[in-house]
2 protein chains.
Amino acid sequence: MAPKAYYDIHPKFHAAVDCIIFGFEEGELSLLLLQRDFEPAKGQWSLMGGFVEDGEDLDDAARRVVAELTGLSDLYMRQVHTYGEVERDPGERVLSTAYYALVNIKKYDRELVRAHNAFWVRLPEIPHLIFDHDRMVADALRFMRYQATVKPVGINLLPEEFTLTQLQTLYEAILGEPIDKRNFRKRIAQMDYIEKTGHIDKTLSRKGAALYRFNREKFDGNFKI
Amino acid sequence: MAPKAYYDIHPKFHAAVDCIIFGFEEGELSLLLLQRDFEPAKGQWSLMGGFVEDGEDLDDAARRVVAELTGLSDLYMRQVHTYGEVERDPGERVLSTAYYALVNIKKYDRELVRAHNAFWVRLPEIPHLIFDHDRMVADALRFMRYQATVKPVGINLLPEEFTLTQLQTLYEAILGEPIDKRNFRKRIAQMDYIEKTGHIDKTLSRKGAALYRFNREKFDGNFKI
DNA sequence: ATTGAAAGTGTATTTGCAACACTTTTCAAA
DNA sequence: TTTGAAAAGTGTTGCAAATACACTTTCAAT
């Protein structure tokens with residue numbers, strides 16, 4: 001076995017997670033950001049974060065932190081990067097791992113969010129954030145965009161059932177560019193894991209739009225990424 | 001400012017880096033692995049790793065660890081992932097960040113490598129590694145392969161000047177599949193940042209093969225990834 | 001009955017990728 | 001000096017995927 005001294009001669013550090021929480025509403029991507037009413041950096045904007053605790057996996061810490069703010073568990077979350085510059089947190093040395101999370105913006109717990117003094121902010125209006133959180137957001141956005149081109153992660157931002165127009169608007173928001181409606185629908189039609197539910201959404205048009213859903217079983221059968 | 005107590009109520013952890021060191025020789029990718037003659041897990045195979053020290057950036061720790069083993073600095077290195085499961089190191093809790101490094105296999109310091117009881121092992125012959133290092137290798141390989149399809153990172157595995165046959169063999173090793181010679185050369189011809197040096201390599205053929213080099217300035221001008 | 005607003009639908013063109021085999025060069029050996 | 005071996009180098013065709021592009025349908029409200 002490893003002698004305890006093998007570890008003891010090395011320093012220990014605080015380990016944190018910071019979460020880039022994406023939502024989608026009215027054709028725009030938003031982030032859930034804190035206007036900090038607590039130290040450090042009180043009064044400034046930041047990501048939701050927290051420290052890793054004893055006996056807690058790093059991934060679990062990220063899930064806990066997101067759940068503390070939104071009340072939601074079982075979100076789609078991915079690790080983005082770990083930031084380990086000595087001076088990145090001016091208070092003490094902290095190694096922080098960034099995760100992004102995708103939230104169906106209809107579902108989060110408004111009371112919790114209010115209690116944390118958190119707000120959904122549309123991407124183009126994101127304020128300057130503390131520490132290296134600006135960089136974290138940029139990295140998370142790039143990573144999430146890449147993943148969205150490879151697999152349909154974006155669906156986690158929509159309700160269970162969604163119209164093709166919603167889906168297209170979402171992808172336009174993620175990729176930041178307009179998409180041709182007919183080409184988009186052709187591509188979706190090829191994906192048998194996006195299936196019509198038979199339900200109709202009449203809230204946005206008189207004609208009504210077919211509602212679709214993501215079939216995870218069919219998807220997992222087809223793809224490995 | 002942040003009260004010190006803000007940090008003090010949270011635990012600290014050892015932070016480590018583990019490095020997946022890729023080399024390329026005779027048409028095959030290899031990893032530089034340690035046959036551990038020290039605790040913990042003496043006698044088993046592992047990646048080269050080390051602990052992050054006080055006052056040392058995470059990236060710098062990874063660079064130091066690779067330099068300790070190979071004598072090389074200024075390598076192409078990228079962070080892969082941070083592994084934070086509670087029980088991943090059976091000795092004590094350690095959060096470890098994996099980095100991959102690309103080494104021109106002609107240049108490393110053989111004495112250092114011997115002193116560490118390290119060996120180049122061809123990819124298909126990689127033994128089982130300690131802890132979660134198998135997973136780190138799998139993740140690093142996938143990430144490096146992806147990056148290689150997007151930008152010419154592989155060039156870091158070759159000498160300054162290389163022939164197109166060498167480059168093709170390298171990409172076949174990275175992607176794990178044969179590539180058509182004419183299609184490959186067509187694609188390379190479009191990349192003006194891979195330029196002929198005018199030198200000829202006669203070591204492998206009577207006819208001689210044109211030597212090329214990577215022009216970083218032209219590349220940085222063309223691409224942003 | 002008309003209008004407005006969103007849903008839904010097909011074709012032609014372009015472009016990038018994949019398949020495919022022979023010629024050239026040079027040196028060394030016969 | 002001829003011949004053979006071994007690697008370098010070179011174009012065309014076909015196919016599939018992506019793109020560009022505009023009108024019709026539906027239905028509720030007026």
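Just so it is clear, the structure is predicted and the values come from calculations on it, not from any experiment. Every chain is numbered from 1, with letters handed out A, B, ... down the list of sequences.
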5′-ward residue of the pair A:Lys186/A:Ser205 relative to DNA chain C: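 Of the two residues, A:Ser205 wins.
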First of B:Arg182 and A:Asn183 reached from the 5' end of DNA chain C, by closest nucleotide: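 Looking at DNA chain C, the more 5' nearest nucleotide goes with A:Asn183.
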Tell me the interatomic distance from [X], atom [atom1], to [N], atom [atom2], rounded to whole angstroms.
X        : N      : atom1 : atom2 : answer
B:Ile179 : C:dA18 : CD1   : P     : 10 Å
A:Gln190 : D:dA16 : CD    : P     : 13 Å
A:Lys196 : C:dG8  : NZ    : P     : 7 Å
B:Glu177 : C:dC17 : CD    : C1'   : 13 Å
A:Ile200 : C:dG8  : CD1   : P     : 7 Å
B:Gln168 : D:dG9  : CD    : P     : 12 Å
B:Phe184 : D:dA8  : CZ    : P     : 12 Å
B:Leu204 : C:dT26 : CG    : P     : 17 Å

Cationic N near anionic O, under 4.0 Å, B:Arg88 to B:Asp132: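 Salt bridge: yes.
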Can a donor-acceptor pair be found between the side chains of [X] and [Y] at a distance below 3.5 Å?
X       : Y       : answer
A:Tyr83 : A:Asp18 : no
A:Arg36 : A:Ser46 : yes
B:Asp59 : B:Tyr99 : yes

Indicate whether OP1 or OP2 belonging to [N] is found under 4.0 Å from a side-chain N or O atom of [X].
X        : N      : value
A:Thr165 : C:dA7  : yes
B:Arg185 : D:dG9  : yes
B:Arg187 : C:dC17 : no

4.5 Å side-chain heavy-atom contact, A:Gln190 and A:Lys186: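 Not in contact.
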Pair of N/O donor and acceptor under 3.5 Å linking C:dG8 base with A:Lys181 side chain: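 When only heavy-atom distances are counted, A:Lys181 does reach the base of C:dG8 through a donor-acceptor pair under 3.5 Å.
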Sugar-phosphate, base or nothing in reach of B:Lys202, heavy atoms under 4.0 Å: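 Sugar-phosphate: the residue B:Lys202, judged by heavy atoms under 4.0 Å, touches backbone atoms but no base.
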Nearest-nucleotide 5' precedence on DNA chain D, A:Arg206 against A:Asp180: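 Between the two, 5'-proximity favours A:Asp180.
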